[in-house]
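Structure record follows, encoded as structure tokens.
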2 protein chains.
Amino acid sequence: MESESLLERSLVEQWRDLVARKTRVWNALELELDRQHGLSASEFEVLDTLSEYDCAEPPRVQELAAHVPITQSALSRMIGRLENQNLVTRTLCSSDRRGVFVVLTDEGMQRLTEARPTHRSVLAAELADGPSAELTAEPTGTDAVLVESGTQGK
Amino acid sequence: MESESLLERSLVEQWRDLVARKTRVWNALELELDRQHGLSASEFEVLDTLSEYDCAEPPRVQELAAHVPITQSALSRMIGRLENQNLVTRTLCSSDRRGVFVVLTDEGMQRLTEARPTHRSVLAAELADGPSAELTAEPTGTDAVLVESGTQGK
DNA sequence: GCGCACTAAGTGCACGTGCATGTAATCTCC
DNA sequence: GGAGATTACATGCACGTGCACTTAGTGCGC
């Protein structure tokens with residue numbers, strides 16, 4: 001029970017690395033997406049996922065929740081917020097009136113298209129380098145990304 | 001600008017995998033640590049990090065914040081909560097009276113020691129298998145872990 | 001010694017989240 | 001066809017978080 005130390009240390013290190021990386025990238029995304037496009041990282045993820053569906057067969061809330069790392073209740077509210085910004089719309093499912101289809105509006109598609117380059121370049125910058133960079137929770141130096149991702153500064 | 005698709009897709013997939021894995025493990029930890037030991041995943045992480053310091057040279061709040069994926073303000077409040085449970089204590093730094101040392105109490109050390117096997121076995125179970133398991137935000141099936149991690153089941 | 005910039009930690013506030021529950025629609029089985 | 005179980009989504013509530021700011025303490029220049 002004591003001899004597992006080595007294996008366990010490796011697991012713990014792997015875990016901390018995972019958390020550190022995720023947090024670092026997430027924070028960078030949060031920062032840049034909000035600054036440049038007024039979107040949170042979660043919101044972008046939802047819009048981006050949403051865009052992968054055929055407009056003719058939009059996902060239901062539940063379906064969407066299965067592909068985004070938040071709960072169904074959180075998603076429900078987020079859809080409400082996105083709806084208020086006219087980025088998505090809810091439409092009832094006629095065959096099962098409990099169901100709600102979520103579809104990207106034109107405006108939503110546009111915002112997403114604008115934000116995508118920022119998202120991709122943050123990923124490229126932050127996913128690439130050292131897994132165990134200092135850590136986290138602090139705004140990471142993403143100056144290069146800011147420049148790269150276009151001229152829509154501020 | 002359009003030709004990067006392949007590379008970008010790979011980045012996005014890598015990113016989603018990272019998030020999915022982190023969320024899955026995190027949720028499992030949250031569930032088991034709370035159920036069995038009344039600790040949140042963040043709290044465990046703080047206590048565990050804390051335990052790596054020599055009692056003679058405890059870390060200051062800032063130092064601790066650099067090794068845990070939350071902000072200093074969140075950590076400040078968490079320390080308050082942990083202090084109320086007598087798991088840690090704050091002591092002033094005499095040489096720099098702005099500083100605050102955080103130290104694990106005996107009780108804190110005990111809770112940590114109890115919780116560690118749970119933590120490790122969740123890691124072993126969840127870190128090991130398929131990176132892109134369905135997803136997440138749902139309680140993952142950790143029945144095996146419950147059994148493995150001892151007889152202190154509720 | 002005094003003022004000023006700077007750092008460490010704590011706090012008011014608003015907000016997004018999860019859990020538990022509520023409401024509405026559907027399905028099942030008799 | 002009607003009661004009860006089940007599913008889909010929304011919501012009340014409490015809570016932890018981040019941001020911006022405050023308070024307390026340090027060090028520097030003059």
Side-chain angles (χ1 to χ4, degrees), chain A residues 19 23-24 26-31 33-35 38-46 58-66 68-85 88-103 135-140, chain B residues 19 23-24 26-31 33-35 38-46 58-66 68-85 88-103 135-140:
Chain A
V19 173
T23 305
R24 181 164 47 88
W26 186 267
N27 288 341
L29 282 174
E30 201 83 76
L31 192 67
L33 288 175
D34 180 52
R35 194 199 299 287
L39 292 172
S40 75
S42 294
E43 285 168 343
F44 177 90
E45 221 68 42
V46 168
R60 317 201 355 190
V61 174
Q62 202 182 210
E63 160 86 4
L64 205 52
V68 161
I70 57 177
T71 57
Q72 179 267 318
S73 84
L75 180 59
S76 179
R77 290 178 228 258
M78 181 183 297
I79 292 172
R81 274 173 264 140
L82 293 174
E83 201 176 25
N84 289 339
Q85 302 179 65
V88 305
T89 56
R90 283 188 244 233
T91 64
L92 295 160
C93 170
S94 53
S95 64
D96 180 349
R97 289 187 320 212
R98 293 169 304 180
V100 170
F101 290 133
V102 185
V103 294
L135 254 226
T136 164
E138 313 299 342
T140 55
Chain B
V19 173
T23 305
R24 180 165 47 89
W26 186 266
N27 289 340
L29 283 174
E30 201 84 75
L31 191 67
L33 288 174
D34 180 53
R35 194 199 301 287
L39 291 173
S40 74
S42 294
E43 285 169 345
F44 178 90
E45 221 67 43
V46 168
R60 314 191 11 181
V61 173
Q62 202 183 208
E63 160 86 4
L64 205 52
V68 162
I70 58 177
T71 56
Q72 180 266 320
S73 85
L75 180 58
S76 180
R77 289 179 227 259
M78 182 184 295
I79 292 171
R81 274 172 264 141
L82 293 173
E83 200 176 26
N84 288 339
Q85 301 178 66
V88 307
T89 56
R90 285 188 244 234
T91 65
L92 295 158
C93 170
S94 53
S95 63
D96 179 351
R97 290 188 318 211
R98 295 168 302 179
V100 170
F101 290 132
V102 185
V103 294
L135 255 225
T136 163
E138 313 299 342
T140 55

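On a predicted model such as this, the values are computed, not experimentally measured, just so you know. Naming: A, B, ... by sequence-line order, numbering from 1 per chain.
Of all heavy-atom pairs between A:A41 and A:E30, the closest is N-OE2, 2.9 Å. Across all non-hydrogen atoms, the minimal contact from B:L33 to B:F44 is CD1-CB, 3.7 Å. Across all their heavy atoms, A:F101 and A:P58 have their closest contact at CD2-O, 3.4 Å. In terms of heavy atoms, A:V46 sits closest to A:L75 at CG2-CD1, 3.9 Å.
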*Decide yes or no on side-chain contact (heavy atoms from CB on, under 4.5 Å) for A:Q72 and A:V61, but give the supporting numbers first.*
CA-CA 7 Å; A:Q72 179 267 318; A:V61 174; 4.2 Å; yes

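Straight-line distance from the CZ atom of A:F101 to the P atom of D:dA10: 13 Å, rounded to whole Å. When the P atom of C:dA8 is taken as reference, atom CG of B:L64 falls 14 Å away, rounded to whole Å. Atom-to-atom, CZ of B:R90 to C1' of C:dA8 comes out at 13 Å; the value is rounded to the nearest Å. Look at CG on A:L75: it is 16 Å from C1' on C:dC19, rounded to the nearest Å. The CD1 atom of A:I70 sits 12 Å away from the P atom of D:dA10 (whole-angstrom rounding). Look at CG on A:L82: it is 11 Å from P on C:dG16, rounded to the nearest Å. As a whole-Å value, the separation of A:E45 CD from C:dG16 P is 17 Å. Atom CZ in A:R81 sits roughly 17 Å away from atom P in D:dC9 (whole-Å rounding).
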Please list, for nucleotides 24-29 of chain C, all pairs of protein and nucleotide N/O atoms separated by less than 3.5 Å.
residue : atom : partner : partner atom : Å
C:dT26  : OP1  : A:R97   : N            : 3.2

Below 3.5 Å between N/O atoms, which protein atoms pair up with nucleotides 12-14 of chain C? Just atom names and distances, please.
residue : atom : partner : partner atom : Å
C:dG12  : O6   : B:R77   : NH2          : 2.1

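Interatomic distance, A:S40 OG to A:L82 CG, rounded to the nearest 0.5 Å: 8.0 Å. Atom CZ of B:R24 sits about 11.0 Å away from atom CG of B:L29, to the nearest 0.5 Å.
Of the candidates C:dT11, D:dG18, D:dA8, C:dT11 carries the atom nearest the B:S76 side chain, counting heavy atoms from C-beta on.
Side-chain N/O atoms of A:Q72 include none lying less than 4.0 angstrom from OP1 or OP2 on D:dC9. Taking 4.0 angstrom as the limit, A:T71 places a side-chain polar atom (N or O) nearer than this to OP1 or OP2 of C:dG18. One finds no side-chain N or O of A:R60 lying less than 4.0 angstrom from the OP1 or OP2 phosphate oxygen of D:dT7.
Side-chain contact between B:E45 and B:M78: absent, with no pair of heavy atoms (C-beta onward) separated by less than 4.5 Å.
Listed by first then second residue, pairs satisfying salt bridge (Lys or Arg N to Asp or Glu O under 4.0 Å) with a partner in residues 75-84 of chain B read B:E83-B:R90, not counting sequence neighbours.
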